[in-house]
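Report on the structure given below.
One is the number of the first residue; the rest follow in order along the sequence. This structure is a prediction, so every number in the text was calculated from the model and none was measured.
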Amino acid sequence: MCLIMEAAEDHVDGGVLAAPSNFSMVEDGIYRSGFPKPENFGFLTTLNLRSIIYLCPEPYTEENLKFLEANNIKLFQFGIEGKTDPPTLMPKDTVLDALKVLVDVRNHPILIHCKAGKHRTGCLVGCLRKVQSWCLSSVLEEYQKNAGLKWRQRDLNFIEAFDTLSLRQCLLSIMYRYHGYGFKRKRLLHEEENVQTPKLQAAKV
């Protein structure tokens with residue numbers, strides 16, 4: 001994360017690279033943020049993104065689409081409403097579809113974003129953490145930290161109730177191997193498509 005933020009301090013054509021609002025690293029190869037603006041494009045190029053997960057129903061802006069095309073970045077859009085009046089519940093099936101894209105490392109490096117990078121993005125990251133076997137208190141704490149004062153109880157309820165067993169079919173082609181140091185450094189590695197039985201392999205020391 002430090003190396004990425006140091007890159008933001010580099011100067012290009014006399015300007016400072018600016019990260020999108022609420023930008024942070026989820027883990028190696030996975031990032032989250034608010035909706036990128038043109039002034040953020042220079043920073044995004046330093047991430048060497050392969051894919052973007054966009055969690056809003058509104059069409060992607062023309063200038064953003066041109067940026068993706070110019071940098072060979074694939075867009076995955078999952079239209080989740082963010083209305084608060086009346087409140088809109090997170091659609092489980094849509095989140096599951098987005099999660100399948102997120103865990104496939106062939107799509108990495110990948111950026112997840114909605115409008116503000118707080119609620120819809122936070123729910124997807126929270127579900128990822130449950131797949132990674134984080135304890136629930138840490139999952140909910142991470143959501144609240146990124147959502148700030150505008151955290152939503154219904155989002156916490158959704159994350160808590162999300163059933164990770166729903167992802168079993170996806171695990172027939174995507175397996176999880178945990179690498180790195182410490183509880184929060186876990187990496188998802190893609191395996192051959194003919195894998196029949198997904199297995200968890202402990203990290204080598």
Side-chain angles (χ1 to χ4, degrees), residues 1 4 20 22-36 44-57 60 64-65 67-80 90-114 117 119-134 138-139 142-143 146 158-159 162-180 182-204:
M1 181 64 178
I4 294 173
N22 295 321
F23 175 85
S24 65
M25 175 188 286
V26 177
E27 64 171 72
D28 290 347
I30 302 178
Y31 309 96
R32 60 180 292 171
S33 75
F35 196 99
L44 293 182
T45 59
T46 68
L47 304 180
N48 297 314
L49 296 174
R50 288 186 181 176
S51 312
I52 284 180
I53 290 178
Y54 173 47
L55 299 174
C56 300
Y60 220 48
N64 285 54
L65 287 173
F67 170 75
L68 299 191
E69 183 178 0
N71 291 275
N72 197 29
I73 300 172
K74 187 172 183 178
L75 176 66
F76 295 91
Q77 181 171 1
F78 301 93
I80 300 175
M90 293 292 293
K92 178 182 176 181
D93 290 343
T94 305
V95 172
L96 181 59
D97 288 341
L99 192 56
K100 290 177 181 178
V101 172
L102 179 59
V103 300
D104 189 339
V105 295
R106 292 172 296 182
N107 298 320
H108 295 184
I110 190 168
L111 172 70
I112 314 161
H113 78 81
C114 48
H119 304 111
R120 287 165 283 194
T121 298
C123 284
L124 181 58
V125 172
C127 292
L128 171 67
R129 296 311 193 191
K130 292 191 69 175
V131 172
Q132 293 177 311
S133 299
W134 278 34
S138 295
V139 174
E142 182 183 41
Y143 166 88
N146 283 278
F158 174 83
I159 294 171
F162 185 80
D163 182 10
T164 58
L165 293 179
S166 302
L167 205 58
R168 292 303 182 188
Q169 289 184 345
C170 182
L171 293 182
L172 291 176
S173 59
I174 301 174
M175 296 172 60
Y176 297 82
R177 290 182 178 178
Y178 298 152
H179 294 265
F183 180 64
K184 294 186 178 180
R185 288 201 61 182
K186 299 176 180 179
R187 189 173 182 179
L188 311 177
L189 296 183
H190 176 261
E191 290 292 334
E192 296 297 328
E193 293 295 337
N194 60 2
V195 172
Q196 296 300 318
T197 305
K199 300 179 181 178
L200 288 174
Q201 180 173 319
K204 296 180 180 180

What heavy-atom pair brings [X] and [Y] nearest, and what distance separates the two atoms?
X: Pro57; Y: Ile80; value: CD-O, 3.3 Å
X: Cys123; Y: Met90; value: CB-CE, 3.6 Å
X: Leu55; Y: Cys114; value: CB-CB, 4.1 Å

Legend entry - Test side chain to side chain contact (heavy atoms under 4.5 Å, CB included) applied to Leu99 and Val131, Thr164, Asp104, the passing residue: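 The passing option is Val131.
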Once rounded to the nearest 0.5 Å, what's the spacing between atom [atom1] of [X] and atom [atom2] of [Y]?
X: Cys127; Y: Asp163; atom1: SG; atom2: CG; answer: 10.5 Å
X: Ile112; Y: Ile52; atom1: CD1; atom2: CD1; answer: 11.0 Å
X: Leu75; Y: Leu111; atom1: CG; atom2: CG; answer: 10.5 Å
X: Ser51; Y: Asn72; atom1: OG; atom2: CG; answer: 9.5 Å
X: Ile53; Y: Arg120; atom1: CD1; atom2: CZ; answer: 14.0 Å

Inset, instruction - Give me the ring orientation class for Phe162 and Phe158: parallel if the planes are under 30° apart, tilted from 30 to 60°, perpendicular past 60°. - result: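 Correct class here is tilted.
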Inset, instruction - Please list, chain by chain and in numerical order, all residues satisfying side chain to side chain donor-acceptor pair (under 3.5 Å) with Asn64, sequence neighbours excluded. - result: Thr61
Within the 4.5 Å heavy-atom criterion, are [X] and [Y] side-chain neighbours or not?
X: Phe67; Y: Thr45; answer: yes
X: Tyr31; Y: Leu49; answer: yes
X: Pro20; Y: Leu44; answer: yes

Counting only N and O atoms by type, is there a donor-acceptor contact under 3.5 Å from the side chain of [X] to the main-chain atoms of [Y]?
X: His108; Y: Leu102; answer: yes
X: Asn146; Y: Glu142; answer: yes
X: Lys74; Y: Asn107; answer: no
X: Arg32; Y: Thr121; answer: no
X: Asn71; Y: Ile73; answer: no

Legend entry - Which residues share a ring-ring contact (aromatic ring centres under 6.0 Å, His included) with Tyr54, sequence neighbours left out: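 In terms of ring-ring contact (aromatic ring centres under 6.0 Å, His included), with neighbours along the sequence ignored, Tyr54 is linked to Phe35, Tyr60, His113.
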Inset, instruction - Quick one: list whatever passes side-chain contact (heavy atoms from CB on, under 4.5 Å) with Asn48, sequence neighbours left out. - result: none
Legend entry - Check against side chain to side chain contact (heavy atoms under 4.5 Å, CB included), Ser138 and Arg129: CA-CA 9 Å; Ser138 295; Arg129 296 311 193 191; over 6 Å; no
Inset, instruction - Determine, stepwise, if the pair Ile30 / Val125 fulfils side chain to side chain contact (heavy atoms under 4.5 Å, CB included). - result: CA-CA 10 Å; Ile30 302 178; Val125 172; over 6 Å; no
